[in-house]
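Below you'll find the structure, written out as structure tokens, and then a few comments.
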Amino acid sequence: QGVLIMGLGIFCVVQEPLRLGAEEVLMVRRPVFKLAMNPACHQWLKYPKVTLTENIEIEPLDFRLLTLATSLPRPVVEDCVDETVLLFSSHMKHMENVAFVFKDIGVLACQGGSLQMKFFGSCIEQLETTTSLTAALRS
């Protein structure tokens with residue numbers, strides 16, 4: 001499942017094979033971020049191209065859940081999200097370095113003409129708690 005933040009992009013999880021050897025393959029879940037395309041603002045920007053499979057369900061950001069989590073009225077939450085996206089986009093448009101932290105997820109940073117989403121280790125660990133993955137990553 002993926003979450004769309006209008007004007008910013010999609011956060012989702014993809015399942016992909018991790019090759020452990022010539023014959024051993026482990027399917028793992030990996031978080032990804034796909035930037036919303038706005039050619040006027042991003043034509044100069046370097047960022048990883050992310051292709052999402054068609055079977056991933058993309059849902060809009062759930063403002064109801066954010067309202068419950070923050071105890072703020074829904075219009076205030078919606079305005080905060082909109083203003084944050086506009087601020088980030090403005091920094092990108094003017095080629096300024098900027099970084100936003102998404103609690104429990106990671107950091108989205110635009111620096112030196114490059115955009116990267118760095119996911120926290122704890123976020124990745126929550127996606128895959130199998131001992132086989134831990135063993136695979138350590139080997």
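Count residues from 1 along the sequence. None of these values were measured; they are calculated from a predicted model. Only this structure's heavy atoms are used, side chains among them; waters, hydrogens and symmetry mates stay out.
- Residues forming a side chain to side chain contact (heavy atoms under 4.5 Å, CB included) with Arg19 (at least two apart in sequence, or on another chain): Val25.
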Determine, stepwise, if the pair Ile58 / Lys34 fulfils side chain to side chain contact (heavy atoms under 4.5 Å, CB included). CA-CA 12 Å; Ile58 306 296; Lys34 182 175 183 177; over 6 Å; no
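- There is no path of hydrophobic side-chain contacts, each under 4.5 Å, that joins Val101 to Leu87.
- Screening Val77, Ile5, Leu4 for a side chain to side chain contact (heavy atoms under 4.5 Å, CB included) with Leu61, the sole residue that qualifies is Ile5.
- How far CD of Glu59 is from SG of Cys12: 12.0 Å, rounded to the nearest 0.5 Å.
- Between Ser90 and Leu86, the closest side-chain pair of non-hydrogen atoms is not below 4.5 Å.
- Between Ile105 and Phe119 the shortest side-chain heavy-atom distance falls below 4.5 Å.
- Ser89 and Gly7 get closest at one heavy-atom pair: OG-O, 4.0 Å.
- Sorted by first and then second residue, the pairs that involve residues 8-30 and meet ring pair (Phe, Tyr, Trp, His ring centres under 6.0 Å), not counting sequence neighbours, are Phe11-Phe33, Phe11-Phe102.
- Leu8 has its side chain within reach of Leu108: a pair of non-hydrogen atoms, C-beta onward, lies under 4.5 Å apart.
- Note: Cys110 SG to Met117 CE = 13.5 Å, rounded to the nearest 0.5 Å.
- Legend: residues meeting ring pair (Phe, Tyr, Trp, His ring centres under 6.0 Å) with Phe120, ordered by chain and number and at least two apart, are absent.
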Apply side chain to side chain contact (heavy atoms under 4.5 Å, CB included) to Val81 and Leu66, showing your working. CA-CA 10 Å; Val81 170; Leu66 285 176; 4.2 Å; yes
Starting from the C-alpha separation in whole Å, work towards a yes-or-no answer on side chain to side chain contact (heavy atoms under 4.5 Å, CB included) for Arg64 and Leu68. CA-CA 6 Å; Arg64 182 184 57 81; Leu68 292 173; 3.9 Å; yes
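- Minimum heavy-atom separation, Val85 to Met6: CG1-O, 3.7 Å.
- Taking CZ from Phe63 and CZ from Arg74, the interatomic distance works out to 7.0 Å, rounded to the nearest 0.5 Å.
- Between the OG1 atom of Thr70 and the CG atom of Leu65 there is a distance of 10.5 Å, given to the nearest 0.5 Å.
- The two atoms that bring Cys123 and Asp104 nearest to each other are CB-O, 3.6 Å, heavy atoms only.
- The two residues Met92 and Leu115 have their closest heavy-atom pair at SD-CD1, 4.0 Å.
- Note that OG1 of Thr67 and CG of Leu72 are 7.5 Å apart. Values are rounded to the nearest 0.5 Å.
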